[in-house]
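Since the structure is predicted, the reported quantities are computational estimates derived from the model, not experimental observations. Indexing begins at 1, ligand by ligand and atom by atom, following the structure's order.
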Amino acid sequence: DSSDINDIQNFTKSNFAAPNPNYYAKAKGMNVIYVSLESLQSFAINYKMPNGQEVTPFLNKLTTGADDTTYFKNFYHQTGSGKTSDAEFMMENSLFPLSQGPVFQMKGFNTYQAAPAMMNQRGYETAVFHGNVKSFWNRDQMYKTLGYERFFDSKYYDMSAENTKNYGMKDKPFIKETLPYLSNLKQPFYSKLILLSNHFPFGMDKEDTTFQPGDFGDSVVDNYFQSANYMDQAVEQLFTDLKKAGLFDNTVIIMYGDHYGLSENHNDAMAKVLGKDEITPFDNAQLQKVPLFIHIPKIAGGTVSTYGGEVDVRPTLMSLLGINTKNYIQFGTDLFSKQHRQIIPFRNGDVITNKYSIVGGNVYENSDGKQVEASLGKPYEDIAKKMLDYSDKVIYGDLLRFYQPKGFIAPDVSKINYNTDQK
Ligand code: GP9
Ligand code: MN
């Protein structure tokens with residue numbers, strides 16, 4: 001009931017991680033672009049094919065700090081069955097997705113205090129770009145609820161046969177057609193680009209790539225490298241285009257892999273990819289790492305080893321923008337904060353910390369994968385369970401109806417209409 005919200009607020013407030021002064025407000029007033037890299041997993045970053053070719057040469061450069069970019073190498077996806085949309089949900093709300101069913105579809109009419117609404121009330125224009133029909137994952141409803149003013153879906157793109165594959169636009173034509181829309185937004189803007197090419201079952205049309213697929217005896221795994229490489233090129237193009245458009249130096253760019261692309265069904269081939277005898281449950285847990293890159297203009301980057309998950313991104317971004325979220329109901333903490341909590345709950349009950357991976361009730365040391373006493377995991381499992389339970393209460397009880405952070409202005413959903421301004 002509504003009294004639960006007080007307990008939950010006390011919990012999230014007491015777990016708030018004070019911002020790091022070296023990062024706080026360093027991107028105040030800047031544009032924001034999220035880029036969902038689809039199923040890119042961290043193993044592909046800096047991976048070399050047996051013939052020596054890098055799969056993601058552009059992203060690999062970013063891991064060295066190129067273009068003022070910070071790379072989080074111990075970052076995990078926390079999605080459930082809502083896949084891409086679950087990742088989006090975490091990024092904008094810092095709440096967990098549900099253990100049963102996609103929250104975008106099941107709770108599209110709830111009250112949220114989401115990032116698009118927070119930015120919109122601060123004078124930001126807010127927009128999503130995605131080359132698929134707007135109803136997929138109930139996005140057209142949920143985006144309104146989250147406060148997005150504009151949704152550039154497939155209607156805005158040239159969805160001809162050569163431009164599309166699988167769910168929709170290929171990444172290169174998508175980026176190309178997005179740039180004019182993006183540069184015409186009123187600045188500052190808060191936006192997100194959802195890529196599609198690196199999606200199961202992967203692989204590219206012949207004319208779109210010269211990258212040689214893998215030879216690991218599993219066509220899904222083999223083709224994964226090809227679409228990851230194609231996406232890497234598309235992202236490089238995005239960076240080049242943003243520079244040309246004069247946007248790069250006043251825009252924070254957050255790029256993330258939304259969830260795994262290669263399930264446990266592909267473990268035989270993955271063992272070959274990683275040069276291991278087999279993929280153990282511990283290895284499989286590490287394969288849930290997805291890359292997180294944050295370009296912050298004029299802030300030196302590089303690779304950091306902080307442990308975190310998708311739920312941590314919103315508090316991180318808000319700190320960069322100089323927005324205090326202490327009074328928000330959120331379950332993540334700022335990845336740049338010295339107080340960042342390195343406990344990552346997953347919807348299947350597993351938990352990863354900076355020290356341990358707790359997988360199926362067994363506890364392993366992250367450093368060497370050695371199994372240790374199960375009781376060592378208990379305190380982390382308890383905290384993780386509490387976080388998930390509280391988040392579920394918020395969502396199932398629609399509890400944000402009863403709590404509004406000071407200064408937050410709820411979006412006027414009745415004023416949002418994605419049908420009016422077509423290209
Ligand atoms: C569909 C795209 C892919 O629009 O976001 O969704 P996924 O299957 O990865 O959840
Ligand atoms: Mn996805």
Side-chain angles (χ1 to χ4, degrees), residues 33-44 56 75-93 96-108 127-144 146 148 150-157 159 163-175 177-178 191-204 220 223-224 227-228 230-232 234-235 254-263 265-266 287-293 309-311 313 346-348 418:
I33 302 177
Y34 270 102
V35 184
S36 168
L37 303 174
E38 243 310 309
S39 312
L40 189 65
Q41 295 173 227
S42 301
F43 81 85
T56 58
F75 181 81
Y76 293 79
H77 86 82
Q78 297 169 291
T79 58
S81 61
K83 308 302 294 283
T84 305
S85 67
D86 277 357
E88 295 182 59
F89 183 75
M90 280 182 271
M91 298 282 163
E92 323 250 50
N93 296 287
F96 292 102
L98 302 173
S99 53
Q100 309 264 320
V103 61
F104 262 44
Q105 283 173 352
M106 295 174 67
K107 298 293 172 185
V128 184
F129 302 87
H130 184 46
N132 187 7
V133 288
K134 65 182 176 197
S135 57
F136 201 96
W137 287 131
N138 194 34
R139 284 183 172 111
D140 50 348
Q141 172 56 43
M142 190 55 146
Y143 285 168
K144 288 181 194 170
L146 299 178
Y148 271 112
R150 308 194 67 186
F151 182 9
F152 295 80
D153 79 324
S154 52
K155 274 213 201 76
Y156 290 78
Y157 292 89
M159 300 286 288
N163 278 358
T164 53
K165 191 175 172 76
N166 204 1
Y167 284 115
M169 286 294 282
K170 296 174 182 175
D171 295 344
K172 285 186 187 178
F174 171 70
I175 300 277
E177 293 183 36
T178 296
S191 65
K192 111 169 118 182
L193 277 55
I194 304 169
L195 301 184
L196 272 175
S197 291
N198 195 44
H199 192 287
F200 186 89
F202 312 105
M204 300 305 307
V220 168
N223 290 337
Y224 182 86
S227 33
Y230 172 87
M231 180 180 64
D232 183 73
V235 171
I254 301 180
M255 304 193 286
Y256 64 97
D258 61 358
H259 48 74
Y260 68 82
L262 300 167
S263 70
N265 298 335
H266 303 283
L287 282 171
Q288 308 315 307
K289 285 185 188 179
V290 292
L292 171 70
F293 295 93
E310 288 168 329
V311 81
V313 177
F346 298 91
R347 284 288 19 177
N348 64 2
Y418 299 141

Distance-only side-chain donor-acceptor flag, Gln288 / His77, under 3.5 Å: yes

Atom name, Glu38 (N, O or S, nearest to the Mn ion (ligand 2)): OE2

Residue pair Thr56 / Asp232, side-chain donor-acceptor N/O under 3.5 Å: no

Modelled atom types, side-chain donor and acceptor of Ser154 and Asn132, under 3.5 Å: no

Asp258 atom (N/O/S) at minimal separation from the Mn ion (ligand 2): OD2

Protein heavy atom at shortest distance from atom 5 (O) of ligand 1: Arg139 NH2, 2.7 Å

Minimum heavy-atom distance between Ala44 and Tyr224, given as atom pair plus value: CB-CE2, 4.3 Å

Donor-acceptor pair between Glu88 and Tyr143 side chains, under 3.5 angstrom: yes

Polar atom proximity, Ser85 to ligand 1 (N or O, under 3.5 Å): no

Shortest protein heavy-atom distance from atom 6 (O) of ligand 1, along with the residue and atom involved: Thr84 OG1, 3.0 Å

Distance-only donor-acceptor check, side chains Tyr157 and Thr178, under 3.5 Å: yes

Angular separation of Thr84 OG1 and His259 NE2 about the Mn ion (ligand 2), given to 10°: 120°

Tyr148-Glu92 side chain donor-acceptor pair, cut-off 3.5 Å: yes

Met142/Phe89 under side chain to side chain contact (heavy atoms under 4.5 Å, CB included): CA gap, chis, key distance, verdict: CA-CA 9 Å; Met142 190 55 146; Phe89 183 75; 3.7 Å; yes

Atoms of ligand 1 close to His259 [distance to a heavy atom under 4.0 angstrom, numbered from 1]: 9 (O)

Atom indices of ligand 1 within 4.0 angstrom of Trp137 heavy atoms, with elements: 6 (O), 7 (P), 10 (O)

Protein heavy atom at shortest distance from atom 8 (O) of ligand 1: His199 NE2, 2.8 Å

Within-shell test, Phe200 vs ligand 1, heavy atom, strictly < 4.0 Å: no

Identity and separation of the nearest protein heavy atom to atom 2 (C) of ligand 1: Leu196 CD2, 3.5 Å

Candidate pair Phe136 and Tyr167, rule ring pair (Phe, Tyr, Trp, His ring centres under 6.0 Å), full reasoning: CA-CA 10 Å; Phe136 201 96; Tyr167 284 115; 5.0 Å; yes

Geometric N/O contact Glu38 with ligand 1, under 3.5 angstrom: yes

Ligand 1 N/O within reach of Asn132 N/O, cut-off under 3.5 Å: yes

